Amino acid sequence: MRRHCIAAVCVIAAFASTHLWAAGAERADLIGKVCGDATAMGEAGRSLTRIAADGSPDDRGWAALIARALIDRKLSCDATGAVMASAVGSLDASTGLQRNIGEGSRSPLLSLKNRALFETAEAALALRSAPDPARRSAALRTLERQASNLPEQLFDAAVREEADPGLKTQLSAVAQAAALNSQDPAKRIAALGRIAATPDRRALTLVRPLVNDPAYAANPDFKRAVDAATARIDRGIAVGDVLATLYNGLSFASILFMAAIGLAVIFGLMGVINLAQGELIMLGAYVTWLVQESLRHLAPGLLDWYLIIAIPFVFLITAAIGIGLETVLLRHLYRRPLMSLLATWAVSLFLINLVRVSFGTQNLQFVTPFYVTGGVPVIGDFIFTWNRMFAIAFATVTLALTWALMQMTPLGLNIRAVTQNRTMAGCIGIPVRRVDMLAFGLGSGLAGLAGLALAPIYSVNPQMGQNFIIDSFMVVVLGGVGTIAGTIVAALGIGQVNVLIEPLWGAVAAKVIVLLMIIGFLQFRPEGLFAIKGRRK
């Protein structure tokens, strides 16, 4: 038994020594080419790239040092090989052992052509060996322009080893593009299948030029693969465009709903055209910014959650401002609609200028939390972005809470009663003035929450509220004054129509067309989509 163990150890030792000798011989041969003429140096540069594709980790680390030393002119050739200058002294380029530079040494000079070869080799080695994802990403950007001229297994190996998800996706795309130019038809057909599996416009730009490839006419299997991939990508792009339009329309509709729901409560209950509603949206965004800055100084660890933490502050502060506005000013102007219109316009101008003086006119800078950053590719060019999803989810939660308040609480019952018949509600003992005050506060608080939802995806400045007031009134009037269901349907309709028209004729034309459509609709149904049933006298 002991003799068998000794024999096994001897075999392993012999194999290891043979392998080390072979590796040393290969390295010495490559160093000889590095120290040779321009043609030999070009062969050395291509050999370094092949090491990056299929060499061992030790070989890749050694090759990276050689490439960098040659580019930086820190490698000197002498009669026995080459020496690299390093922080620990002069090292033999083949063995890595310390030794002095021999007599008659010279530093190889790269021509422009060979410099490009060695820079490509260094990037290929960094793609496989660099510990920093940023360095690997930079190497990929260097290599992707010449991917078809590099060894096919380079990118396949890099994809298998890559741990960063985003970089892995980029590597896969480059690997697929490189495989399309392979000499092997089977590999090209397989690459077409992989590219068509993620259909988008980038994939189409890779596949469509292949109809001019000589193999397209000469190889029926390749032709069928190209045609099938093109058709599949076209279908994926079409589906993605439809989903993107619906998703963008839904996110725009959620913003319109958030801006209009508070106005629907106020306008439906009191008939007051509150031109300061947009400025309440603006104030909600500014309160959100103040909460963010407070957390930055007091609790930096909670900074990412400022949007959630700011919700009660935004609602309570804007609701208090609304209650104060109703108590001090609007309560005395309910029977004078023109005066209430002028008064709220004056309040709007006052709030805009107050914010300008206090915060300046520049756009506020908001931190982008991790839960509203990035997105998930779905199909085609449609990306399910988290910032739009946040606005949609926030609008959905606001809708649910508003509906529950209106349908399941005494305040909601009183608001509905006063909205249907103010005089009769007062006669049966409902405190109409108090209901007006609380409803105005509720509508103002909802407007503030709209500003919070807009903060991470919209330019926040003193003028931002004026961009929403007209759209909000269009939603309220089209949906039917004072109805939550009408506000939802109108916001969805206006949002989708805007998104459909805007790419064709522009944002301004889209708003004009939508406005004309609403005017035309109101000619036939002046009470809007959903009319509140009141008591007829």
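Keep in mind that the numbers below use all heavy atoms, side chains included, and drop hydrogens, waters and symmetry copies. Treat the numbers as computed from the prediction; the structure is a model and nothing was measured.
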**OP:** Kindly indicate, with the supporting measurements, whether the criterion side-chain contact (heavy atoms from CB on, under 4.5 Å) is fulfilled by Ile309 and Leu302.
**Re:** CA-CA 9 Å; Ile309 296 171; Leu302 298 176; 4.1 Å; yes

Original post:
Yes or no on side-chain contact (heavy atoms from CB on, under 4.5 Å) for Phe473 and Ile469, after CA distance, side-chain angles and deciding distance?
Top reply: CA-CA 6 Å; Phe473 272 108; Ile469 188 64; 3.5 Å; yes

request  = Please test Val475 against Phe257 for side-chain contact (heavy atoms from CB on, under 4.5 Å), starting from the C-alpha separation and ending with a verdict.
outcome  = CA-CA 8 Å; Val475 170; Phe257 170 79; over 6 Å; no

(Q) Checking Phe370 against Trp305 for the ring pair (Phe, Tyr, Trp, His ring centres under 6.0 Å) test, could you report, in this order, the C-alpha distance in whole Å, the side-chain angles of both residues, the deciding distance, and whether it holds? (A) CA-CA 9 Å; Phe370 68 90; Trp305 301 100; 5.3 Å; yes

Working for side chain to side chain donor-acceptor pair (under 3.5 Å), residues Thr385 and Asn387: CA-CA 6 Å; Thr385 54; Asn387 57 352; 3.3 Å; yes

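Atom CD1 of Ile321 and atom OG of Ser444 lie 8.5 Å apart (nearest 0.5 Å). How far CG of Leu192 is from OG1 of Thr230: 8.0 Å, rounded to the nearest 0.5 Å. Taking CG of Leu204 as the start and CD1 of Ile237 as the end, the distance is 4.5 Å to the nearest 0.5 Å. Distance check: Phe524 CZ to Leu522 CG gives 11.0 Å after rounding to the nearest 0.5 Å. The distance from atom CG of Leu446 to atom OG1 of Thr318, rounded to the nearest 0.5 Å, is 8.5 Å. Atoms CD1 and CG, on Ile233 and Asp200 in that order, are 7.5 Å from each other to the nearest 0.5 Å.
Here the side chains of Leu143 and Leu127 are in contact, with some heavy-atom distance below 4.5 Å. In this structure the side chain of Phe390 reaches within 4.5 angstrom of the side chain of Leu307, judged on heavy atoms. In this structure the side chain of Ile494 never reaches within 4.5 angstrom of the side chain of Asp471, judged on heavy atoms. Residues Leu354 and Phe350 are in side-chain contact: their nearest non-hydrogen atoms beyond the backbone lie under 4.5 Å apart. Using a 4.5 Å heavy-atom cutoff, the side chains of Glu293 and Trp289 are in contact. Contact annotation: the side chain of Leu454 never approaches that of Val460 to less than 4.5 Å [non-hydrogen atoms, C-beta and beyond]. Side-chain contact between Arg296 and Pro300 is absent, with no heavy-atom pair separated by less than 4.5 Å. Side-chain contact check for Ile255 versus Phe468: some heavy-atom pair is nearer than 4.5 Å.
Other residues, nucleotides and ligands place no more than 12 heavy atoms under 6.0 Å from the CZ atom of Arg434. Other residues, nucleotides and ligands contribute more than 12 heavy atoms inside 6.0 Å of the CD atom of Gln362. For Met389, the CE atom counts as densely surrounded, since its 6.0 Å shell holds more than 12 non-hydrogen atoms of other residues, nucleotides or ligands.
Considering only residues two or more places apart in sequence or on other chains, Tyr286 meets the ring-ring contact (aromatic ring centres under 6.0 Å, His included) condition with Phe359.
No donor-acceptor pair under 3.5 Å is formed between the side chain of Glu279 and the backbone N or O of Ile352. Between the side chain of Arg128 and the backbone N or O of Ala53 there is at least one donor-acceptor pair closer than 3.5 Å.
Look at Arg201 and Asp234 and you find no salt bridge, because none of the NZ, NE, NH1 or NH2 atoms lies under 4.0 Å from a carboxylate O. One finds a salt bridge joining Asp72 and Arg68 here, because a Lys/Arg side-chain nitrogen approaches an Asp/Glu carboxylate oxygen to under 4.0 Å.
The heavy-atom pair separating Leu167 from Pro133 by the smallest distance is CD2-O, 3.9 Å.
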I'd like a table of donor-acceptor pairs (distance under 3.5 Å, sequence neighbours excluded) in which one partner is a side-chain atom from residues 371-380, with atom names and distances.
residue, atom, partner, partner atom, Å
Tyr371, OH, Asp304, O, 2.9
Thr373, OG1, Pro369, O, 2.7

Atom pairs and distances, side-chain donor-acceptor, residues 397-408, under 3.5 Å, sequence neighbours left out:
residue, atom, partner, partner atom, Å
Thr398, OG1, Phe394, O, 2.8
Thr402, OG1, Thr398, O, 2.7

